[in-house]
Each structure stands twice: as C-alpha cells, then as structure tokens.
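This report refers to the structure that appears directly beneath it.
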Amino acid sequence: MLKAIYGTKDVLPKDVEKWNFLESTIKNIFASFNYKEIRTPLLEETGLFSRSIGEETDIVSKEMYTFQDRSETSITLRPEMTASVVRAFLEHSLSSQSSLNKLFYIAAMFRQERPQAGRFRQFHQFGAEVLGSSSPLLDAEIIILAYTILKSLGLVDITVKINSLGITSSRKVYLEILKEYLEPHLNELSEESRKRFEKNVLRIFDSKFENDIQIMKDAPKLIDHLDDESKQEFQVVQNILRSEQIPFLLDSSLVRGLDYYSKTTFEIVSDKVGSQSALCGGGRYDGLIELLGGTPNYGVGFAAGIERILLALQNEKTKLPDNSSLDLYVVLLNKELLNEYYLFATALRKNHLKVEIDYLSRSVKAQMREANKLRAKFVALFGGEEYAENKVVLKNMGTSVQQVLPLENADKEILLSVGS
Ligand code: AMP
C-alpha cells in the first residue's frame, strides 16, 4: 500500500477545522499588530541556509533535505523561514519601500529529524520577522505577540523564558571566559560537547547529557558579562513584559542553536508536551542581513511549531471551537423532484448557508439519520403534500418545532430562522 513519507502527516478533514481555527486566530492577531504576510518558495539554494544558519548546526549538518536538481544546482527544502524572508527582503529591496518591515508567515518546513510525538519531518511554523529597527520595543513585541497568540488559542500551561546574548564583541570576551572555565573539565564532557568546545562553545549549554548539564550549571553566565547597551535594552524588554503582565523566567542557558542571534533570545515552553516542550523560539539577529550580503540592518523574530501547539492543546484538553455542523439538511421526499430539490438547496447556498443534500438516493429515514450525523441545525422536508401546495416543511432539530413555509420565500424564512 502507498503511504505518506515517514515523518510527514496528512491533515484529514476531521482535523482541518483545528488548523483553520489556529490560522485565523494567528492572522487576526498579526493584523492587529500591523504585520504583513509574506510567502516565499519552499525551495531555496542550499547556500542560503548553510551561510545563515551555520555549517556546524544540527539543521545544516544533519537535517536538511538537500538535492541536486537537473541543472546540477544544490537545492534545499527550507528548514526554517528567517533566511528565506531575509533573502526576499534583500532581493526585492523592501527596505527602500519602507524603513521598517513587520512580516509574518504560516508555512511548511522540512527537517530530516527522528520523528516522535511533536517532531516531524514536514512540520508547520508560524512566525514573525521584523527588519529595520534595533528598538527593544520590538524585542518585547515579538514575545508579546507569540504569547498573545498561544494564550488566544487556549493554552494555559506555558512558560516564557528569556535571555540576552549581548552583542558580538561582549560575547567574544565571554566565550574566552567560558572556555577557561571548561578547559579543566574537557575530559569529563561528552564527545559532542568536546566538539562544540572547538566549534561553538556556547552550544554546550544545549547538551542533553547529564554530566555536561552538571558542569554547565557552575559555568560563568553570559548575562553577567553583557555590554552596557545590551544590559540596558534587556531591562527595557523586561519592564514592558512586566507592564503587560507576561510572566517570564530568566534563563541564562538559553543560547539557541543558531549562530546569528544577538541580544534578546526567548523560548516559550509547554509543561504538557514531554520532551519536545519548546512551542516557540526566537530573538534578535542583527548580524544576519549583512551576512547575507545586505547593508547592515537589524532583525528580530520568532517561529512557533503548529503541530506541537496542537499537541499541547490536546494534552491540556482545550476545547477548540467547532464549526463543522450544518445549517440545513434538505431531505428529498419524492425522487421525481430531483431538479427542483437541487435548485432549492443551491439558492440557500448562494445565501451563504451551509447546506447539504442527499446524493445517494437514500430513503427518507436514512436521510434523516444523515442529517443527525452531520449535526444539522435545521432539516427541510422537500416534496410530498406540502410541495403540491407550494410549501416546504422546516424542522428545528434542537427544539423539534416544525413550520410550514411557502416555497417562494422559504429561503428568507430559513435564513431568519437559522440566523436567530
Ligand atoms: P526552531 O526553528 O528550531 O527554533 O523551532 C521553532 C519551533 O518550531 C519549535 O519550538 C517547535 O515548536 C517547532 N519545530 C522545530 N522543529 C520541529 C519538528 N521537527 N517537528 C515539529 N515542530 C518542530
């Protein structure tokens, strides 16, 4: 039997309602903060990601879907959106049209990770990228946005963690201090962390090995070695979050896996999704635009995983709004009225009612059963004696009250009844 690729998932009609609810909530909140949607291609040249995310990160070194196309160009299915958004920003000179670009997306990403609950090979993220300002107001705003969206979706058990990575020059000084601390412990570190010591020492904070975690607990903290500008801006961010009553924890081990972050970094975790607890992550990446060939400019953003949010909602037993019920099911009583029956339903559909009819020549009883199964609010009985008198019976399935309506204004009456 043909099957979906390992780590990818069909979203079947019974679940699509949830996705639609998530997507419309996300779009409404982004609209109220005046973020504009951007859509970029799934395929990009591989170099875009290796340059921006960094060769030694897990994403680039192990997880990308990369292939040669027929003209021998190395192509990658995007593993994240920031690089693509910055590429589009530079390619279309968006900064010349507007000095500040507040962008958002909802899109599929691809990473060849080991699938497990909350981790897939094709997954979906929504996120924001703000290009053009160093204001810490925006660092705060993206955290507020992410938090507001997660709360509006109904999540309760979430924790915001924040940290500041400082600017490159202060981080360089700190990295030497961290290396000095780690040197005597090198033999005790895991092999992976020993490699990171050479290539990207900060990432040892991400290690999952217990021994590494113990050693890193006593390590000097980046937050204690921040430059004055980053320190002051981090205070602004915290003050805004407090005024907005967004609870947060300071987490000095939050270093993120990507190379281009600076200053604010944050993560929102769910206490209800086991090991894959990160729902959302982001921060400032002021170096990236220049790295990708643009004139130096500022950037800050976040990305959140939709599948993981759905899992958290399910584990929190959150009831999502359900719009799957029908307004009206039209039961056909006499098969010879098929044409009139169809036109009757179409007229109501043109009035934006959600209407279903029988396409399977079912008995009246079976049609009523179907109407119940589809949770129709009203049933119209089309045909019979009433039709002979130019009328139709309308039954309210909630109250079981029946009305007989003249056919010529049945649509208006039904609209009134369904709407009330
Ligand atoms: P990242 O781009 O790695 O910072 O991830 C941002 C968010 O995307 C994470 O917090 C997750 O919610 C989600 N995410 C990342 N990788 C996966 C994956 N393989 N499967 C499902 N969701 C993911």
Side-chain angles (χ1 to χ4, degrees), residues 57-58 118 127 136 138-151 155-168 170-171 174-175 177-178 181-182 189 192-193 196 200-227 229-286 300-305 308-309 312:
T57 56
D58 288 350
L138 286 165
D139 301 44
E141 181 163 298
I142 57 148
I143 300 174
I144 292 167
L145 253 172
Y147 185 82
T148 308
I149 291 173
L150 295 182
K151 279 285 172 185
L155 286 171
V156 179
D157 277 332
I158 52 174
T159 308
V160 180
K161 296 180 185 176
I162 62 171
N163 191 21
S164 176
L165 302 177
I167 54 173
T168 318
S170 63
R171 198 157 62 232
Y174 163 76
L175 292 181
I177 298 171
L178 180 61
Y181 164 80
L182 283 174
L189 286 175
E192 196 177 284
S193 290
R196 285 176 175 175
N200 187 347
V201 63
L202 212 48
R203 288 208 53 219
I204 303 182
F205 280 108
D206 292 338
S207 173
K208 300 277 179 285
F209 293 99
E210 191 46 44
N211 209 29
D212 295 355
I213 295 172
Q214 286 310 322
I215 293 170
M216 295 314 276
K217 252 190 193 155
D218 296 328
K221 294 186 167 67
L222 177 50
I223 198 86
D224 298 330
H225 295 83
L226 288 187
D227 51 284
E229 182 186 284
S230 301
K231 228 187 258 173
Q232 191 235 329
E233 290 182 4
F234 196 40
Q235 271 313 322
V236 175
V237 174
Q238 292 179 52
N239 291 342
I240 295 176
L241 295 182
R242 279 194 200 99
S243 320
E244 289 283 326
Q245 296 179 335
I246 295 182
F248 62 87
L249 298 174
L250 293 177
D251 182 351
S252 61
S253 68
L254 196 67
V255 292
R256 315 260 306 136
L258 310 181
D259 286 349
Y260 48 68
Y261 283 91
S262 59
K263 296 186 179 168
T264 310
T265 167
F266 80 102
E267 206 169 73
I268 303 182
V269 297
S270 162
D271 307 325
K272 288 276 158 58
V273 288
S275 66
Q276 300 301 309
S277 65
L279 299 182
C280 164
R284 185 163 276 286
Y285 48 85
D286 286 342
V300 60
F302 76 88
R308 234 173 255 186
I309 291 169

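Heavy-atom basis, side chains included; hydrogens, waters and symmetry copies ignored.
- The list of salt bridge (Lys or Arg N to Asp or Glu O under 4.0 Å) pairs with a residue in residues 237-248, not counting sequence neighbours, is empty.
- For the atom pair CD (Glu192) and CZ (Arg203), the distance works out to 7.5 Å, reported to the nearest 0.5 Å.
- The main-chain N or O of Asn239 is found under 3.5 Å from a side-chain atom of Ser243 such that the two form a donor-acceptor pair.
- A tilted orientation is assigned to the rings of His225 and Tyr174, their planes being inclined by 30° to 60°.
- The shortest heavy-atom contact between Ser252 and Ile223 is CB-CG2, 4.3 Å.
- Note that NZ of Lys151 and CD1 of Ile158 are 5.0 Å apart. Values are rounded to the nearest 0.5 Å.
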Practice item. Quick one: do Ile162 and Thr265 satisfy side chain to side chain contact (heavy atoms under 4.5 Å, CB included)? Show the steps, please. Key: CA-CA 6 Å; Ile162 62 171; Thr265 167; over 6 Å; no
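- Applying the side chain to side chain donor-acceptor pair (under 3.5 Å) test to Lys272 and every residue at least two apart in sequence or in another chain returns Asp157.
- Here the CG atom belonging to Leu145 is positioned 8.0 Å from the CD1 atom belonging to Ile142, to the nearest 0.5 angstrom.
- Asp139 CG to Gln238 CD: the interatomic distance, rounded to the nearest 0.5 Å, is 11.5 Å.
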Exercise for review: Take Phe266 and Cys280, measure what side chain to side chain contact (heavy atoms under 4.5 Å, CB included) needs, and give me the verdict at the end.
Suggested key: CA-CA 8 Å; Phe266 80 102; Cys280 164; 3.9 Å; yes
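- Applying the side chain to side chain donor-acceptor pair (under 3.5 Å) rule to Asp251 yields the partners Ser253; only residues at least two apart in sequence or on another chain are considered.
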